[in-house]
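What follows is a short report on a single structure.
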Amino acid sequence: QLVQSTFFPPAEGVMLPTGSFSNRVAFITGGGTGLGRAMTSTLSQLGAQCVIASRKLDVLQQTAEEISSQTGNKVHAVECDVRDPQAVARCVERMETLTGLPDVIINNAAGNFVCPSERLSPNAWRSITDIVLNGTAFVTLELGKRLIQSRKGASFLAITTIYAESGSGFVVPSASAKAGVEALYKSLAAEWGRYGHRFNIIQPGPIRTKGAFSRLDPTGAFEKAMISRIPTGRLGKPAEIANLAAFVSSDYATWMSGAVIRLDGGEYVSMAGEFNELRRVTPDQWKMMEAMIRNTRGS
Ligand SMILES: CCCCC/C=C\C/C=C\C/C=C\C=C\C(=O)SCCNC(=O)CCNC(=O)[C@H](O)C(C)(C)COP(=O)(O)OP(=O)(O)OC[C@H]1O[C@@H](n2cnc3c(N)ncnc32)[C@H](O)[C@@H]1OP(=O)(O)O
Ligand SMILES: NC(=O)C1=CN([C@@H]2O[C@H](COP(=O)(O)OP(=O)(O)OC[C@H]3O[C@@H](n4cnc5c(N)ncnc54)[C@H](OP(=O)(O)O)[C@@H]3O)[C@@H](O)[C@H]2O)C=CC1
């Protein structure tokens with residue numbers, strides 16, 4: 001952490017009023033671990049009945065039991081590989097039986113690893129883009145069609161990343177797929193408002209989770225450099241994403257659709273600004289540089 005992080009301590013308590021999601025059903029892909037688990041915990045604390053879905057049923061079941069026992073609200077675990085549209089259909093059918101169709105859908109499941117692009121096999125490319133882009137599309141289309149048929153409105157949220165906008169070397173399948181997810185959600189925000197559906201996007205900056213850090217910085221060698229470029233001087237916390245996700249999915253945000261919200265401690269603009277390296281210039285150096293600039297005559 002950098003010194004300035006003391007100005008920006010994370011508030012990790014649940015932000016919205018108790019009961020904000022009473023009588024609501026939330027469906028969260030990848031809800032067993034990391035940020036998905038944090039979002040499930042927050043929505044459950046706020047009264048939602050949650051359904052979490054991913055490949056590892058044992059992980060989902062353990063998370064579901066832990067959260068339900070803390071909040072008193074049911075969390076259902078449903079096995080689902082989002083890459084398989086038939087598995088997605090079966091998962092949604094199971095959810096309809098358990099809870100009915102959801103009010104809140106969070107497409108959070110993802111796969112990623114750092115790799116020079118020249119080392120990627122076709123299957124490596126397929127593996128990431130299938131989880132991130134096709135998985136999000138299969139879940140969104142399956143639920144969207146059933147919600148439209150039932151004339152039920154819903155809030156859809158996708159978790160992308162700050163480099164969905166800029167692109168990034170060494171995570172090219174993820175960058176390409178996340179950019180596709182953003183195009184999908186912005187497009188559907190325009191098309192499906194008429195059915196009562198909102199579509200929004202959160203782009204998190206770096207937040208320590210086992211899933212992300214073990215695949216993106218396996219040796220830990222890059223963490224210090226990453227924190228040094230974040231103006232708020234620290235990594236994000238899962239609860240910070242969870243509070244934002246709860247707000248975006250709540251009745252306090254019914255006028256929000258098609259929004260792309262970056263929550264990254266300022267990392268994106270910090271990396272983008274051409275002159276931001278001048279942060280390293282000391283006051284004495286500034287005196288000298290200013291004198292040089294002022295003494296310049298003509299062009
Ligand atoms: C400057 C550095 C900064 C440091 C940054 C630190 C922190 C993070 C900061 C910001 C994060 C920003 C964005 C984060 C986005 C995320 O999405 S993080 C979430 C990550 N979570 C996961 O990935 C969880 C799920 N992942 C998985 O299950 C697996 O990792 C996988 C995605 C590979 C899918 O598993 P599975 O379906 O079992 O696939 P296979 O093992 O069969 O592999 C499929 C093909 O892919 C090839 N492959 C696998 N790993 C690699 C690798 N490391 N390098 C190259 N290729 C790989 C594998 O060989 C298979 O291909 P072939 O069949 O061999 O051709
Ligand atoms: N942590 C960070 O710094 C950042 C994370 N993000 C995004 O946040 C989200 C959560 O990531 P994070 O919590 O860090 O990482 P995790 O690895 O903990 O979360 C990924 C989840 O996706 C699930 N998943 C993976 N493949 C599939 C599949 N084929 N079908 C269904 N579920 C699947 C995994 O469960 P299972 O293995 O059981 O299938 C896991 O629960 C992702 O969208 C990621 O891109 C974005 C920017 C920064």
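All values below were derived from every heavy atom in this structure, side-chain atoms included, with hydrogens, water molecules and symmetry-related copies excluded. Start at 1 and go down the list; that is how both ligands and their atoms are numbered. Predicted, not measured: the structure shown is a model, and the values here were computed from it. Here, residue 1 is the first one in the sequence, and each next residue gets the next number.
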Any idea which protein heavy atom is nearest [atom], and the distance to it?
atom: atom 43 (O) of ligand 1; result: Ser127 OG, 4.6 Å
atom: atom 16 (C) of ligand 1; result: Asn112 ND2, 3.5 Å
atom: atom 2 (C) of ligand 1; result: Phe222 CB, 3.5 Å
atom: atom 5 (C) of ligand 1; result: Met226 SD, 3.6 Å

Tell me whether [X] has any N or O atom under 3.5 angstrom from an N or O of ligand 2.
X: Asp81; value: yes
X: Ala110; value: yes
X: Phe213; value: no
X: Ala109; value: no
X: Thr161; value: no

Among all the protein's heavy atoms, is there at least one whose distance to atom 50 (N) of ligand 1 comes out below 4.0 Å?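 At least one protein heavy atom is under 4.0 Å away.
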
Just to be sure I read this right, does ligand 1 sit under 4.0 Å from the backbone of [X], its side chain, both, or neither, counting only heavy atoms?
X: Glu267; answer: neither
X: Arg119; answer: neither
X: Arg83; answer: side chain

Can you list the atoms of ligand 1 that are under 4.0 Å from a heavy atom of [X]?
X: Asp217; answer: 4 (C), 6 (C)
X: Ile128; answer: 32 (C)
X: Ser121; answer: 61 (O), 62 (P), 65 (O)

Exam field: side chain Ser250 to backbone Phe247, donor-acceptor pair closer than 3.5 Å: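 Answer holds: yes.
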
Heavy-atom nearest option to [atom], drawn from [options]:
atom: atom 14 (C) of ligand 1; options: Asn108, Thr161, Leu216, Ile159; value: Leu216
atom: atom 25 (C) of ligand 1; options: Ala110, Gly211, Pro116; value: Ala110
atom: atom 4 (C) of ligand 2; options: Gly236, Pro238, Gly205; value: Gly205

Can you tell me if CD on Glu118 sees more than 12 non-hydrogen neighbours from other groups inside 6.0 Å?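 Enclosed.
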
[X], any N or O under 3.5 Å of ligand 1 N or O:
X: Lys178; value: no
X: Tyr163; value: no
X: Ser174; value: no
X: Arg215; value: yes

Below 4.0 Å from any atom of ligand 2, is there a heavy atom belonging to [X]?
X: Lys178; value: yes
X: Val59; value: no
X: Gly135; value: no

Side chain to side chain contact (heavy atoms under 4.5 Å, CB included) between Leu35 and Asn108: does it pass, once the steps are laid out? CA-CA 8 Å; Leu35 305 188; Asn108 161 80; 4.1 Å; yes

Record the part of [X] in heavy-atom contact with ligand 2 below 4.0 Å; permitted values are side chain, backbone, both and neither.
X: Cys80; result: backbone
X: Leu35; result: both
X: Ile159; result: both
X: Thr160; result: backbone

State plainly whether the residues Glu267 and Arg229 are in salt-bridge range, i.e. N to O under 4.0 Å.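 Counted as a salt bridge, because a side-chain N and a carboxylate O are separated by less than 4.0 Å.
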
Can you tell me if Arg208 contacts ligand 1 (heavy atom of the residue under 4.0 Å from the ligand)?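 No heavy atom of Arg208 comes that close to ligand 1.
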
